[in-house]
Every structure is written in C-alpha cells, then in structure tokens.
Protein chains: 2
Amino acid sequence: MKHLKTLQCIDDVAGSGSIRRSAERLSITPSALTRRIQDFEAELGTPVFERMPQGMRLNAAGELVLRHIRAQLSDFERLRSQIADLSGVRRGHVTIATSQAFAHDLIPYEIAVYRAQHALVSFSVLVRDHIHAVEAVAAFEADVALVIAPPPAPEFQPLLVIHQPLCALMSKDHPLAAARTLRLREVLEYPIAMPGPSLAIRHLLQGAIVRAALPVNTVVESDSFEVLRSYAGGEQVISFQIRAGIPQASGNLVAREIDHRDLPMTQLVLGQLRGRSLSVAASKFVDQIAGSLHTRYGGGERPD
Amino acid sequence: MKHLKTLQCIDDVAGSGSIRRSAERLSITPSALTRRIQDFEAELGTPVFERMPQGMRLNAAGELVLRHIRAQLSDFERLRSQIADLSGVRRGHVTIATSQAFAHDLIPYEIAVYRAQHALVSFSVLVRDHIHAVEAVAAFEADVALVIAPPPAPEFQPLLVIHQPLCALMSKDHPLAAARTLRLREVLEYPIAMPGPSLAIRHLLQGAIVRAALPVNTVVESDSFEVLRSYAGGEQVISFQIRAGIPQASGNLVAREIDHRDLPMTQLVLGQLRGRSLSVAASKFVDQIAGSLHTRYGGGERPD
DNA sequence: TGCCGTGTTGCAATATGGTCAACGCAAGGC
DNA sequence: GCCTTGCGTTGACCATATTGCAACACGGCA
C-alpha cells in the first residue's frame, strides 16, 4: 500500500540496521531510501535514527515510532480482513507462535479443522520457546501465541489458561506403563531423555528434581521433542511432555501422568498482545482452539 | 503528514459528502481528490464510497475504513505527543467533551491549573449533551468526556465515576435557603426554572416528579444553565444543578441538596473510548481531574 | 428542455520520487 | 601511515505519478 511504504521502509531499516541492506531487500537504491527517511524525520520534526559508522540504530523517539508503525501495519491487515469478511468471503492470514510441544499435533490439527471451513485463510506457524514466543507477539510478528508457562509480561494478555499435568512418555512395554499415575522417584529410577534447557518443561522438571533431591540418569538431552519421542519409543527410556502436547497417534508410546504432589500443574496459555484487536480470522481461530482445548481437557479459565 | 493525506481526504469527503466541497476545504481540485480516492479504492480492492447523484456516501466497507482512519490519525497524534514528551517539553493537545454543567466553572478551572504547569498543551472543549458527548468520544472527536449519567455504550469506558446529589439553586434570601437539605415537595411549592430536555438532569428530575406525582410550576425552561442560573438569582425561582456543576463564586446564589429519598444520586462519569490509548497530555489531564474531583467531593470509583 | 448540481476523464504542467555517480567519514588491515 | 572497505549522504539528471484545467456524462429539477 502506497501510504504505508515509508513506514515499511523504516520498519525494515530498523530491523536490518543498514540502509544499504534494506535498500536491496526493498529493491530500491540506498539514496532513495535515505531520502524517504530524511523526509519522514523532517515531517516529524525529530530524527528517528542514530547514524553510527556501522549503520542505523533507532533512537528513543524511533522506538516509539516503530511501535506505532507495527501497530499501524497490523491494524491495516485487520481492516482488510474485516472488509473481506463483509463480502462473505472469509479471507485472511493468521500468524501463531507456539511452543514446540504443540507443533507436532495440536496446531496442525487445529489449522486443518479451521481451513476445512475457511479455505481462504492462510497460516504462519512460528515455533519458539516460551520467551521468544511472547516476544514475537509483542513485536507484532505473531497474532497469538500458544505457550507453556509464559514468562510474566504486562504486554502479553492471556485469552485462555489451562492447567495440565506433565506426563512421562515411554514405550508400551516399559515396566512403568502398567501404572496410571507415577511418582517422580519411580520415574527417575529409569534412564531419562531430558528436554533441553530451552524447553519450558525442563525448568519445571529441574525444579521438582532439585526439590526431591533425586539423582537423574540422563542418557540423552535434546531441544527437540522429535528426538526425545524417538528415544522414548526406541530404547527403554522415559521422556516427558505436557498432556496437550502428546501425539494422538502415539505409535508404541504411552503417556502416564506424574503425580501432582511431585510436579505442580503446568500452565498452558493462549494469549495475544494486550490492547491489540485481532483480525476476524485470528479471533475465530482463537475461539476454535479455546473450544477444542476446553472440550478435550476440560475447564480452562478465560480471563477477559 | 504526507502518508496520512489520502486518509484525511477520505475522512473529509466522508464528512462533507461531496468531492467538490472537500476539494475546496483541502485546497486542491476535485479531479485530484477523485483520483486519490479512486487510487485508494483500487489498492484496497473495494469501493469505499457509493456514488450518488447528490454526492458521495460511505458504503459498509467505507464505514470500517473510516473508523480505521480516525484511529490512525488519533494514534499518530498520540505518537507525536509521546515524542514531544521525550524531549522534556510537555506538548500536546487535549479535546474534552463535557456536559454544560461543567462548562462554566469546573473545566475552565482544571484547564487553567493544568496549563499553569504545562503551558505548551492546548485544549478544545466541546460542550455537548450526554448523548452527543459520548458520540464525540466514539467518533474520535474528543479524547475524553466528562458527563452526567452517560447512556450505556460499550465503546465508552468510564475512567472515574462519582455519585453526586442534585442541588436546588436559589437566591440567598429565598425562604428555603435556611434549610440544609430539602425535600422535593418543599421545592416544588415554589416556581421552578426547569432544565431543558437536552440536559441530563431534566430526565432525573422528571422521573422523580412523576414518581412523587407532584404538580410543577415551571416559569421558565431553558437548555442553558446560564439562563437558569440568572433566573434563580434574579426572581425568587428555584433551579437545579449537580453538585460539581455549581459555580464556586455563586454571587447571591446558594445550593441546597435535595434529599436522596426523593432523587437518587447522579452519576458523574469521566470516560474515554474503550481500547484507545490516550496521549500523554490527555492522560495527565484525566489524572488531574480525577484527583481534583476526589479531594473535593470524596471517593469516586476508578474502574480498571 | 434548459439549468443546475454531481463525479469523472484527457491532456499538459508540475511535483515527487527514483537512479547513478561521487563524496565525506570512520573503522580495520597491513 | 596508508589503503581499503563499509557506512550514509549529496548533486545532477530522469521517469513517473500527481495535479490543475477544461470538457464531459449523468441525474434531479423546474
């Protein structure tokens, strides 16, 4: 859109930190770009960038401007979506940032269900750890985020909170597979496929293990649930996953809840940027996920 | 600002309903204006106006677009205010819509106090009845509204609610001036200067009078408190006003509360458009008014 | 029918924004 | 110390988009 071009330029330069790099990406010459920015700064009455020998960096005013620009751009997208909605065609795009736990099963399933009804809506899925998922939402990179135990952040507004037990994943013929729920100390008697430090449940586990002062036999540690699942399925090794992250078709894997006395319930939070209005498509998608999680795992809280 | 020009054009045309009128106001030719709008519509992929023989009218998409534009424009103003705030200069503009009751004393006083500290902030005061004040806020014409008994509207977000008694206004030597509080039936034994139907307190009075089934001797009715006050001061006539609307320097007027058994407390509400972020200047002004009303009249509720 | 008003269009003038080449400057390698 | 390399910026020139002017097409109205 024409009237947003300058804003997009500034956004890009702020991101790349260099006029020349941005100029290439935007396929114009650096001189044209520098003029656009100078004109904008002149109109605004304040510089927005600091010119360093290594490139451009936003100054304090620029940070405000960038926030404004991001808001404008996403607002405009929302407008388009609303207008498309008027003509009966449910059209739009939804970007969701999610914890890896849900990347395998839950999110693809929900997207498939949604797109079965609204084929003109497209999706972007960013798989991020809980910290970066919330950051993506704050930076207008994602409309919503579905994360485990998000760090407290004032700009992150929970739309749905579900408390879930952590589960131990093991093969069907594992000695512990007979029990319905497990104590942590039972589990730790066996070799463990440990989630890596970037995964939210690692911190929860770590805390419980330290509290219980139990020794751990970690045979493999990975930041990828893919890897952890494979190990738990292949060798007689135990891994962990939050309930909603357990694949429906689990092969020869079974999941057993860890007793809540050992591990507190885990928060699964679906949230957005506070104060932002979601597009029609995104808000319908949120509704669908909320309903789906609710019927599958029971009463989540819906703040708001 | 360049990148907002098209948006402002659309806003103006939507308001005037005519390309030629708007073209004159914007000091460009109608042809330039019509092309701007056509280009915008082409970029958007949808017409925004309906072309009628009598002029232009927004269609459904246009209504959405207009809301978006208003939000953009006011957002940009807020951005400028925030940036000005960065450089230490508290600069900005605040538009407040207010009931007539406060136009005489309260608002001018508060503005004076505010400007004593922040001389670079300017003000617009729109005096509107409660319905139109809320509408002005919803249409981005006013940042905040201070009104009596605002109609319930989802987009109007109260920032401060104070309950106040209605008072009878009379000259110092009126027979009823001796009492501290008055029953409605005492008051109605005397001739009344009745607030006009556009004033919020008229409805409250009317309700109470009907409930009590009392006869009223209305000698003058006016939509202007100025007129009502003069009458109450001159002849031996009683008028009405909410407590916070009573002038500090009242001349030979005195105010006596009406017993709460006869007239319920009146809501005085300071509010803004829900979901909108106020400029720095506006939000400081709100804080000041809230504090001022609080210390003068005691505990108002502050939702949120 | 003739006269208003409306928005729109063709064409020429103009402003806006673009490219290209050159410049000033600071940092890093030798 | 000098040279190279990267950065943003500037001046001259040019293409394109935007504007103004005049003419047009259409609907309402007397």
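Proteins get letters first, then strands, A, B, ... in listed order; numbering begins at 1 in each.
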Enquirer: What is the distance from CG of A/Asp39 to P of D/dG8, rounded to the nearest Å?
Expert: 17 Å
Enquirer: Could you work out which one of D/dC7, D/dG8, C/dA27 sits closest to the side chain of A/Arg21?
Expert: D/dC7
Enquirer: Taking atom C1' of D/dT18 as reference, at what distance in whole Å does atom CD1 of B/Ile37 sit?
Expert: 15 Å
Enquirer: So does B/Asp75 pair up with B/Arg78, basic N to acidic O under 4.0 Å?
Expert: yes
Enquirer: Among residues 25-32 of chain B, which ones have heavy-atom contacts with DNA chain C below 4.0 Å?
Expert: B/Ser31
Enquirer: Would you mind reading off the distance between B/Met52 atom CE and D/dC29 atom P, rounded to a whole angstrom?
Expert: 13 Å
Enquirer: Check whether any side-chain N or O of A/Lys2 sits under 4.0 Å from OP1 or OP2 of D/dT18, and answer yes or no.
Expert: yes
Enquirer: Measure NZ/B/Lys5 against P/D/dA17 and give the value in whole Å, please.
Expert: 16 Å
Enquirer: For the side chain of A/Arg20 and the base of D/dG6, is some donor closer than 3.5 Å to an acceptor across the two?
Expert: no
Enquirer: How many whole angstroms separate atom CD1 of A/Ile10 from atom P of D/dG8?
Expert: 15 Å
Enquirer: Do any N or O atoms from the side chain of B/Gln272 and from the backbone of B/Leu278 form a donor-acceptor pair under 3.5 angstrom?
Expert: no
Enquirer: Taking the side chain as every heavy atom from C-beta outward, state whether B/Gln288 and B/Glu110 have any atom pair closer than 4.5 Å.
Expert: yes
Enquirer: Compare all side-chain heavy atoms of A/Leu64 with those of A/Arg67 and state whether any distance is below 4.5 angstrom.
Expert: yes
Enquirer: Let me know, please, whether A/Arg35 or A/Met56 comes out on the 5' side of the other along DNA chain D by nearest nucleotide.
Expert: A/Met56
Enquirer: Check this for me, if you would: do B/Glu43 and A/Lys5 make a salt bridge, where the nitrogen-to-carboxylate-oxygen distance has to be below 4.0 angstrom?
Expert: no
Enquirer: What is the distance, to the nearest angstrom, from the CG atom on A/Leu33 to the P atom on D/dG8?
Expert: 9 Å
Enquirer: A/Gln38 CD to D/dG8 C1': how many Å, rounded?
Expert: 9 Å
Enquirer: If you round to the nearest 0.5 Å, how far is NE2 of B/His104 from CD1 of B/Ile107?
Expert: 13.5 Å
Enquirer: I want to verify a distance call: between D/dG8, C/dA26, D/dG28, whose nearest atom is closest to the B/Pro53 side chain?
Expert: D/dG28
Enquirer: Does A/Arg51 place a side-chain N or O at less than 4.0 Å from the phosphate oxygens OP1/OP2 of C/dA26?
Expert: no
Enquirer: Do B/Lys284 and B/Asp287 meet the salt-bridge criterion of a basic N to acidic O distance under 4.0 Å?
Expert: no
Enquirer: Could you tell me the separation between the CD1 atom of A/Ile19 and the C1' atom of D/dG6, rounded to a whole number of Å?
Expert: 14 Å
